[in-house]
**Student:** 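Sharing a structure below in structure tokens format, with a few things to ask.
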Number of protein chains: 2
Amino acid sequence: MTLFQENGYDRTTVEEIAARAGLTERTFFRYFADKKEVLFGGSEALHERIVTCIADTPPGTAPLDAVAAALESMTPFFKDRRDHARARQSLLAVHAELRERELIKLASLASASAAALRKRGVTEPAASLAGEAGIAVFKVAFERWLEDPKAQDLSRHIQLGLDELRAVTARTGPGAPAEPPRKPAKTASARKP
Amino acid sequence: MTLFQENGYDRTTVEEIAARAGLTERTFFRYFADKKEVLFGGSEALHERIVTCIADTPPGTAPLDAVAAALESMTPFFKDRRDHARARQSLLAVHAELRERELIKLASLASASAAALRKRGVTEPAASLAGEAGIAVFKVAFERWLEDPKAQDLSRHIQLGLDELRAVTARTGPGAPAEPPRKPAKTASARKP
DNA sequence: TGCCTGATGTCAGCAGCTGACATCAAGGGG
DNA sequence: CCCCTTGATGTCAGCTGCTGACATCAGGCA
């Protein structure tokens, strides 16, 4: 991170990173598949945590709630890393390749969640959708958490995001109209032939 | 695609691709930012289409419905490309780098959708969530479309996905939600074409 | 002591990608 | 009809990411 912040991501060579760690470029590539991968350490831990967390959710919990609970459980993990997360995020903002990597990690979390749900008896289209929806909430919540001037908890943002998602997906969607108390026709009217 | 299928993605060199097109490697990189990017031509078209489609949705439409309608409108675009899409998908299945690229394209669609919704007066957390949720539905629907032995329309799968998402995000209601009745409401919630 | 194993270093080499410059063809104005 | 501009392409050199093959070295263990 230090090197990246000083010289920029792509003007930092892998050889330099390795040297800073007292190692060789070759050794670097034995620990990290990629130059990008240095920025994603510990993602396996999150992965594992989410899966076990979903598995441990009391039976009868709604799928989306199970995923949300798992995501909330990572709050302490990020608690003291807000500054680091912000630095990381500003790297991602500049370099699309890094965003790509972030996205595939999140997608992997989504499909792991789906698998965990399936193991609980959730049937297929629902499991994947719950996983994806949960991750969508997390993405939005995480960004808002980083920017939040009030510095509210990450879990708080996740809950807010969940509520908002529920509102948005509710059959007759609120939050839409600039015109206040307009009750739009049922969703069927929005369909195009 | 031919080259990729014959020799595999990473055993196909950019020079070979360019040669097959009667050009030079250098010229290739003037048209494509990346080796990966050859597989993602036309994504700007989709992007644009979605945005205008959301903008043209009748006012008062629920945000998620607007996004879904926009996504459904791409059905004819894929209609005759199912085989090609499948070939592409099997490349993606093998090569994570390509999946990364796909994901960032989809994410870009999601944020474009969110922007389009915002322009319609949808407030912020809702807009992003609707965009992400819509794309989530699309991802799942697209995969199911590719595998569907009955070869139903892509738009059909999108509708089913939307319904399923709505069911999954519905507030945890009375009936035990973890496992709904075996042959679920699919038919009951079917839409009028 | 001597062997095995795992971590690291060394080296050579390919492929992706870029900048700088040359070339060439088409078209428009003089 | 010629010349000049412009845009597309080719050529060349070079860096960096990344990999395979092999050497080295240290620690543990028989």
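Proteins come first, then strands; the chains are lettered A, B, ... in the order of their sequence lines, and each starts at number 1.
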**Student:** Working to the nearest 0.5 angstrom, can you tell me the gap between A/Glu16 CD and A/Glu25 CD?
**Tutor:**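 Interatomic distance, A/Glu16 CD to A/Glu25 CD, rounded to 0.5 Å: 10.5 Å.
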**Student:** Tell me whether the side-chain N/O atoms of B/Thr13 come closer than 4.0 Å to OP1 or OP2 in C/dG16.
**Tutor:**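 B/Thr13 to C/dG16 OP1/OP2: side-chain N or O found under 4.0 Å.
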**Student:** Rounded to the nearest Å, what distance is computed from the CZ atom of residue A/Phe28 to the P atom of nucleotide C/dT10?
**Tutor:**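 Distance, rounded to whole Å: 18 Å.
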**Student:** When the distance from CZ of B/Phe29 to P of C/dT18 is rounded to whole Å, what number comes out?
**Tutor:**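 Value for this atom pair: 7 Å.
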**Student:** Round to a whole Å and report the spacing from CD of B/Glu15 to C1' of D/dC12.
**Tutor:**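 The distance from CD of B/Glu15 to C1' of D/dC12 comes to 13 Å, rounded to the nearest Å.
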**Student:** Expressed in angstrom and rounded to an integer, what is the separation of A/Glu97 atom CD from D/dT16 atom C1'?
**Tutor:**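 Answer to the nearest Å: 12 Å.
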**Student:** OP1, OP2 of D/dA8 versus side-chain N and O of B/Tyr31: anything below 4.0 Å?
**Tutor:**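 Answer is no, no contact under 4.0 Å.
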**Student:** In sequence, state the C-alpha distance, the side-chain angles, and the governing distance for B/Glu97 and B/Lys36, and then conclude on salt bridge (Lys or Arg N to Asp or Glu O under 4.0 Å).
**Tutor:** CA-CA 8 Å; B/Glu97 1 158 22; B/Lys36 304 162 210 161; 5.2 Å; no
**Student:** Please report the distance, rounded to the nearest Å, between CZ in B/Arg26 and P in D/dC12.
**Tutor:**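 Rounding to the nearest Å, CZ of B/Arg26 and P of D/dC12 are 14 Å apart.
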**Student:** Does A/Thr24 place a side-chain N or O at less than 4.0 Å from the phosphate oxygens OP1/OP2 of C/dG9?
**Tutor:**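 Checking C/dG9 against A/Thr24, a side-chain N or O does come within under 4.0 Å of OP1 or OP2.
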**Student:** Which whole-number value in Å describes the distance from A/Leu23 CG to D/dT24 P?
**Tutor:**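 Rounding to the nearest Å, CG of A/Leu23 and P of D/dT24 are 20 Å apart.
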**Student:** Determine whether the aromatic ring centres of residues B/Phe142 and B/Phe78 are separated by less than 6.0 angstrom.
**Tutor:**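 Yes, they do, as the ring centres are separated by less than 6.0 Å.
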**Student:** Could you tell me the separation between the CG atom of B/Asp34 and the P atom of C/dC17, rounded to a whole number of Å?
**Tutor:**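 Taking CG of B/Asp34 and P of C/dC17, I get 5 Å after rounding.
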**Student:** I need the CZ-P distance between A/Arg11 and C/dT18, as an integer number of Å.
**Tutor:**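 So the two atoms are 15 Å apart, to the nearest Å.
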**Student:** What's the shortest heavy-atom distance between B/Arg20 and B/Leu3, and which atoms?
**Tutor:**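 In terms of heavy atoms, the two residues are closest at NH2-CD2, 3.3 Å.
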**Student:** Look at the side chain of B/Arg30 against the base of D/dG10 and say whether a donor-acceptor pair falls under 3.5 Å; ignore hydrogens and angles.
**Tutor:**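 Yes, the side chain and the base share a sub-3.5 Å donor-acceptor pair.
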